[in-house]
Amino acid sequence: MEFPAGDAHPASCPICEDERQYVPPSGQEWTSLQALQRAGERVTIAELEPDLFALRSQPKVGIGQQSILLRTPDGNLLWDPTGYVDEAAAAAVQDLGGVAVIATSHPHMFGAQTSWSRMLGDPPVLVNAADRGWVQRDEPCIRDWTGDEEVLPGVTLRTIGGHFPGSAIVHWDRGVVLSGDTVFPGPSQRWVTFMRSYPNDLPLSAAVVRRTADRVCELPFDRLYGNLGNVVPVDARDAVLRSAERYIGWVSGAYDDLT
C-alpha cells in the first residue's frame, strides 16, 4: 500500500495491523519505488489469453499480487496493480494500448495504484466507496464507485462483499471473471474458497458465502482468474456454486468429521 512521501516512515500501517493481515514478529518493514529500482526490481508481462495479460513484480513486492491488464477496443483496464512500477513497466503497458481506468478488488490489492496512474497519464483510480477509508495516499486521480459500474463496454465492476465490505470482481462479457481473492481459486483449478483472512485463517459465515457466491454467479462466465496466478480455466461458474455449497455445509455443521 502506498503512503504519502515524507522524510520518515509512518508510525504504523493500518492495513497490516488489521486482523485480516499481520505484522511479523520482526516488525514492520518499509521501502520505496526508488529503493526497489536500485535493487533490480522489475515487472514482467505474460499473455493469459487473447487481450488478457498478467503483470508480476520480480521479486514479489508485498503480497506479490498478479496484476491483470484487460484490453478492449475502447480502452484497457489495469486490475489489482502491482506494488512496484517503473518507466519500463509503464512503457510496456503503453505498448499494449495504455490504460483507461485502474481498479482493485479490495484494499490489500491497492499496490502502487496512484504511481501507476501518474506514469500512465493519470487515468482514474477507482476505489470502492465502502473501502475508501483504507486509502493512505490520497491523490486527485482516485474516484469512488459503488454497486455495479460498467467501466468499459462489456467490462463491469461489481461489488460482491465478503473479504471486505467493498470487495469487488470484474465481469467481462467474453466469459471471464477477475476475482482478486474475493473468490480464491484452489490448486486443482476445479474448486474455489472464500475467506475473511487467508494468512490468519479467518473464515466467513455461511450466510456471507451464500450472498457472495450468488452475487458472483448472477451473470454467466466460464473462466475465473485470481490474484496470485491461480485460475479456474473452464466451468468456473459451476465451480463457484459447488464450492459455496461445500463451504456452507462444513461451517454450518451439516457435515461432521466422520463424513
Side-chain angles (χ1 to χ4, degrees), residues 1 15-16 18-22 46 48-49 52 54-57 60-68 70 77 79-83 103-111 128 130-131 134 157-172 175-252 255:
M1 175 176 288
I15 198 73
C16 296
D18 177 65
E19 70 173 4
R20 282 161 286 210
Q21 270 298 323
Y22 64 95
L48 298 171
E49 64 175 76
L52 207 63
L55 284 68
R56 300 184 182 96
S57 57
K60 75 173 187 178
V61 175
I63 292 172
Q65 68 260 35
Q66 168 182 274
S67 179
I68 293 180
L70 188 160
L77 166 70
W79 175 247
D80 283 349
T82 58
T104 58
S105 56
H106 66 290
H108 293 155
M109 300 294 109
F110 284 170
N128 195 289
D131 296 331
W134 291 105
L157 295 182
R158 308 192 65 225
T159 306
I160 302 301
H163 190 40
F164 274 77
S167 283
I169 63 170
V170 173
H171 185 273
W172 187 18
V176 169
V177 161
L178 310 181
S179 67
D181 56 18
T182 300
V183 179
F184 192 86
S188 72
Q189 300 189 342
R190 297 181 57 250
W191 297 86
V192 303
T193 194
F194 319 80
M195 295 286 279
R196 176 169 174 81
S197 169
Y198 291 94
N200 296 323
D201 298 316
L202 298 179
L204 293 170
S205 71
V208 170
V209 169
R210 168 57 62 206
R211 185 169 66 246
T212 298
D214 287 349
R215 277 283 288 153
V216 172
C217 294
E218 285 174 347
L219 299 174
F221 61 97
D222 182 59
R223 284 110 53 216
L224 185 145
Y225 291 91
N227 60 350
L228 296 176
N230 41 345
V231 62
V232 180
V234 295
D235 299 326
R237 185 177 182 276
D238 178 68
V240 172
L241 293 172
R242 180 165 31 88
S243 299
E245 293 298 332
R246 180 176 71 169
Y247 185 110
I248 291 166
W250 278 107
V251 300
S252 66
Y255 305 149

Just distance, no hydrogens or angles: give the donor-acceptor pairs under 3.5 Å from side chains in residues 234-241, sequence neighbours left out.
from   : atom 1 : to     : atom 2 : distance (Å)
Arg237 : NE     : Cys217 : O      : 3.0
Arg237 : NH2    : Cys217 : O      : 2.9
Asp238 : OD2    : Arg242 : NE     : 3.4

>> Looking at Asp80, is its backbone amide N or carbonyl O close enough to the side chain of Thr104 to form a donor-acceptor pair, meaning the two atoms are under 3.5 Å apart?
In response: no
> side-chain hydrogen bond (donor to acceptor under 3.5 Å, both in side chains) with Ser179: which residues, sequence neighbours excluded?
Replying inline: none
> Which residue pairs satisfy the salt bridge (Lys or Arg N to Asp or Glu O under 4.0 Å) criterion with at least one member in residues 182-204, sequence neighbours excluded?
Replying inline: Glu19-Arg196
> Who passes side-chain hydrogen bond (donor to acceptor under 3.5 Å, both in side chains) against Thr82, sequence neighbours left out?
Replying inline: Trp116
> Sequence neighbours excluded, which residues qualify as ring-ring contact (aromatic ring centres under 6.0 Å, His included) partners of His171?
Replying inline: none
> How many angstroms lie between atom CD of Gln65 and atom OG of Ser57, to the nearest 0.5 angstrom?
Replying inline: 7.0 Å
>> Can you confirm whether Val183 sits close enough to Phe194 that some side-chain heavy atom of one is under 4.5 Å from a side-chain heavy atom of the other?
In response: yes
> Residues in ring-ring contact (aromatic ring centres under 6.0 Å, His included) with Tyr22, at least two apart?
Replying inline: none
> Can you tell if the side chain of Trp191 reaches within under 4.5 Å of the side chain of Val232, non-hydrogen atoms only?
Replying inline: no
> Residues two or more places apart in sequence or in another chain: which of them pass salt bridge (charged side-chain N to carboxylate O under 4.0 Å, His left out) with Arg215?
Replying inline: Asp148, Glu218
> Do Tyr247 side-chain atoms and Pro203 backbone N/O form a donor-acceptor pair below 3.5 Å?
Replying inline: no
>> Going by side-chain hydrogen bond (donor to acceptor under 3.5 Å, both in side chains), name the residues that satisfy it together with Glu49, two or more places apart in sequence or in a different chain.
In response: Arg223, Tyr225
>> Taking side-chain contact (heavy atoms from CB on, under 4.5 Å) as the definition, give me every residue that meets it alongside Ser197, ordered by chain and number, with sequence neighbours left out.
In response: Arg20, Pro199, Asn200, Leu202
>> Tell me the closest heavy-atom pair linking Pro233 and Asp222, and the distance in Å.
In response: O-OD2, 3.8 Å
> Nearest 0.5 Å, what's the CG-CH2 distance between Leu55 and Trp79?
Replying inline: 14.5 Å
> About how many Å separate CG of Asn230 and OG of Ser188, when rounded to the nearest 0.5 Å?
Replying inline: 11.0 Å
> Taking all non-hydrogen atoms of both residues, which atom of Thr182 and which atom of Ser167 are closest, and how far apart?
Replying inline: OG1-CB, 3.4 Å
> Heavy-atom distance under 4.5 Å between the side chains of Val170 and Leu157, does that happen here?
Replying inline: yes
> Taking the side chain from Asp131 and the backbone from Gly166, do they hold a donor-acceptor pair closer than 3.5 Å?
Replying inline: yes
> With a 4.5 Å heavy-atom cut-off, do Trp172 and Leu52 have their side chains touching?
Replying inline: yes
>> Please give me the minimum heavy-atom distance between Gly83 and Val61, naming the atom from each residue.
In response: O-CG1, 3.9 Å
>> Suppose we screen for ring-ring contact (aromatic ring centres under 6.0 Å, His included). Which residues come up paired with Trp134, at least two apart in sequence or across chains?
In response: Phe164
>> Please enumerate all residues that pass side-chain contact (heavy atoms from CB on, under 4.5 Å) together with Ala54, with sequence neighbours excluded.
In response: Leu48, Arg56, Gln66
> How many angstroms lie between OG in Ser105 and CG in Asp181, if you round to the nearest 0.5 Å?
Replying inline: 6.0 Å
>> Parallel, tilted or perpendicular: which one describes the rings of His163 and His106, with boundaries at 30° and 60°?
In response: perpendicular
> Quick one: does Ile63's side chain get under 4.5 Å of Leu228's, heavy atoms only?
Replying inline: yes
> For the residue pair Pro107 and Ile15, what are the closest heavy atoms and their distance?
Replying inline: CB-CD1, 3.8 Å
>> Suppose we screen for side-chain hydrogen bond (donor to acceptor under 3.5 Å, both in side chains). Which residues come up paired with Thr193, at least two apart in sequence or across chains?
In response: none
>> So which atom in Met1 and which in Phe110 form the shortest heavy-atom distance, rounded to 0.1 Å?
In response: CE-CD1, 3.7 Å
